[in-house]
Amino acid sequence: MVRLGFIIGFIALVGVLLSGLAAYRVHDQELTIDGIALARAIDVHASLVQDRLTERELLARVASGLFRTPAVIRANMLEPLRSSIYAFKTDFVVAGWVARLKPNELDIARGELLSAGFSNPTIRNYDDKPLDPTSLNRPIDVLMDVEPRNAETRAFPGRAFDQQPVIGPMLTQAMAAGKPVASDPTPLLRPNGPIGLVLAAPVVPPLASAPAGFVTFSYELAPLMLANDDLSLFSVVLKDPRSGDGELVANDQGAVTSRKVASDAPPPSATRTVTFGNRDWSLGYYAKTNAIRRAEQTAAIVAAIGLSLTGIVCGLFGYVAYNNLRLSREIQVRIGFERRLTAVIDELNHRVKNILAVIQSIVTRTLRHGSDIDVARELLIGRIHAMSNVVSLLSESQWQGVKLKGLFEARAIPHADRIAVSGPDVAVSARAAQSLSLLLFELASHSDEGLSLVGKHPHITVTWEVTGEGPDMTFHFRWEEFNTSEATRRPDSDFGVILLDRVAPEALGGTSKRYFTEASYVYELIAPMVTVVDMSERDRTEQISAPVR
């Protein structure tokens, strides 16, 4: 009996120790997993918020850059921008044109507002109080146009914002900085309206040194902050780093409210900084669940289960065996994951260096000495856009190649709607896809020069085929532009000639030629299929994308 009691006591002691160890380990793992999940969710959220802010600032820059007319005292300045600003789909509340008017220009501005049909064409203060023109001795900022035009916004034009406590200083700062600037949070549309930000981009006419006015966009804070919902792991607050005792929080209904931060209030779980309007804003994240309490509850449950199993010898041995097996599998998975991570980093370094080298070559060739800056800018943007498109396609396929027909998307090739494509939908390698994407852009970007001369659109046909079998398979590519000739087609640029005649053929290990027929321009490329597909590269990327076992 004594020996049996000793054995039972020893087993009970071992069971208690193992249960406590398991509870500690589960507690530690729960804290780690919760921390990783929260940090990852916060990083994704902050990245999405920054992307939204960048899109809106880009819209302001694009809109300000589209102004070319020297006459800015007009009530329809946003007319040529309507299709552009709606194409961005950035859910702005109101877009406006604010002109800097001299005192002697106020009567002209009033006439413009009256002819445009706005409900109150009088030039007045921001709070609709009368403005005495004789008291003005310097230019003032007057709202001359709004978008959208509805019953509420038609009453806004004619207001001067110089004395407005939030928008006035923002316009002054934007004029001094010469780039888009965001205002402090302020009610939009009306004094009790939704809280939001106003972004102003100065517009400088050609040959002018000072802005002639500003393009403004107002946005509600809730959509910018990606307002909270019941399923998120955290609540989000926005605060200006210059203010230490106040913050703005949006609920899941999209209502934004301001609240004071108590001195003894717990700090946010994490903070991230986002940039908008030449300023830094701080996002604070408060976790909705108590990770420590949940980990303690989970650990307590594990401990209770462990203690209940101490009286069952077979169950105890089974538990120990299972735990050892699980630990061994975790170690194997971790080793496999580290090996795969090393391979992915090496592959990423290779891809990034390759892409940077291609972009450096594009920029150097495009912006060569003596080139027309407007043409060079359009070509540079188009070439980099083509590279961006193929990188997106490669990323979606985990760098295992791209379907050739996917390179003819309208977002990457000019005049894609006029191109008739036919051929087997083969998957080309990453290197071949990059070369073919740039090649297609160069061919398409030079196919529209003769439209005004020949009186009709050139029709483009692209065909390719694969001939032969086994290692002798050959890729034949043909580009033909009809209704064009050497006299009407824009000559290929230096970069284009090098790309068409040397870079693309060498990248694919083949040959190319271009020539004019009686009614068309033809470019042909012939290359071995083994270089177009590049099986060694595909095998390498398939190993990286294979699941860890």
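- Around CG of D51, the count of heavy atoms belonging to other residues, nucleotides or ligands within 6.0 Å exceeds 12.
- Atom OH of Y219 sits about 4.5 Å away from atom CG of L59, to the nearest 0.5 Å.
- Y523 places no side-chain N or O within donor-acceptor distance of the main-chain N or O of L443, the cut-off being under 3.5 Å.
- The shortest side-chain heavy-atom distance between F118 and M144 does not fall under the 4.5 Å cut-off.
- Within the 3.5 Å criterion, the main-chain N or O of L48 finds no donor-acceptor partner in the side chain of R52.
- Annotation: the span from L525 atom CG to L500 atom CG amounts to 9.5 Å, rounded to 0.5 Å.
- Two residues are said to be in side-chain contact when any heavy atoms from C-beta on lie closer than 4.5 Å; V533 and M473 fail this criterion.
- Taking the side chain as every heavy atom from C-beta outward, V236 and Y285 approach each other to under 4.5 Å.
- Residues that satisfy the salt bridge (Lys or Arg N to Asp or Glu O under 4.0 Å) test with D43, not counting sequence neighbours, are R272.
- R56 forms no cation-pi arrangement with F217, by the criterion of a distance under 6.0 Å to the ring centre and an angle within 45° of the ring axis.
- Residues L404 and L436 meet the side-chain proximity criterion, which asks for heavy atoms closer than 4.5 Å.
- Heavy-atom minimum distance, L197 versus S183: CD2-O, 3.5 Å.
- Side-chain contact check for T153 and N150: at least one donor-acceptor pair (N or O, by modelled atom type) lies under 3.5 Å.
- S115 contributes a side-chain N or O that, together with a main-chain N or O of G111, makes up a donor-acceptor pair within less than 3.5 Å.
- Minimum interatomic distance between R61 and K179 (heavy atoms only, all atoms of both residues): NH2-CB, 4.3 Å.
- For T275, the side chain to side chain contact (heavy atoms under 4.5 Å, CB included) test picks out Q50, D280, with sequence neighbours left out.
- At a threshold of 4.5 Å between non-hydrogen side-chain atoms, the residues V426 and V532 do not count as touching.
- Looking only at side-chain heavy atoms (C-beta outward), F475 and V428 stay at 4.5 Å or farther from each other.
- In terms of heavy-atom proximity, R100 sits nearest to P211 at CD-O, 3.7 Å.
- Distance check, rounded to the nearest 0.5 Å: CD1 of I460 to CD1 of I419 gives 4.5 Å.
- With sequence neighbours excluded, no residue forms a side chain to side chain contact (heavy atoms under 4.5 Å, CB included) with A151.
- With sequence neighbours excluded, the residues forming a salt bridge (Lys or Arg N to Asp or Glu O under 4.0 Å) with D501 are R514, listed by chain and number.
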- Apply side-chain contact (heavy atoms from CB on, under 4.5 Å) to L106 and I140, showing your working. CA-CA 9 Å; L106 297 183; I140 62 174; 4.0 Å; yes
- Message: Let's go through V198 and L188 carefully: what are the C-alpha distance in whole Å and the side-chain angles of both, what is the deciding distance for side-chain contact (heavy atoms from CB on, under 4.5 Å) to 0.1 Å, and is it a yes or a no?
- Response: CA-CA 9 Å; V198 180; L188 303 178; 4.1 Å; yes
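- Closest of all the heavy-atom pairs between L508 and A432 is CD2-CB, 3.3 Å.
- Residues L113 and I123 meet the side-chain proximity criterion, which asks for heavy atoms closer than 4.5 Å.
- A distance of 7.5 Å separates CZ in R149 from CD in E147, rounded to the nearest 0.5 Å.
- Not counting sequence neighbours, the partners of E480 by the side chain to side chain contact (heavy atoms under 4.5 Å, CB included) test are T461, R478, F482, S520, V522.
- Atoms OG1 and CG, on T216 and L143 in that order, are 6.5 Å from each other to the nearest 0.5 Å.
- Side-chain contact check for W479 versus L440: some heavy-atom pair is nearer than 4.5 Å.
- Every residue was checked against the side chain to side chain contact (heavy atoms under 4.5 Å, CB included) condition with D472, not counting sequence neighbours, and none meets it.
- Nearest heavy atoms, A60 versus L199: CB-CD2, 3.8 Å.
- Expressed to the nearest 0.5 Å, how far CD of E465 lies from NE2 of H476 amounts to 6.0 Å.
- Under the 3.5 Å distance criterion, the side-chain polar atoms of D145 are left unmatched by any main-chain donor or acceptor of W97.
- L189 and F156 get closest at one heavy-atom pair: O-CZ, 3.3 Å.
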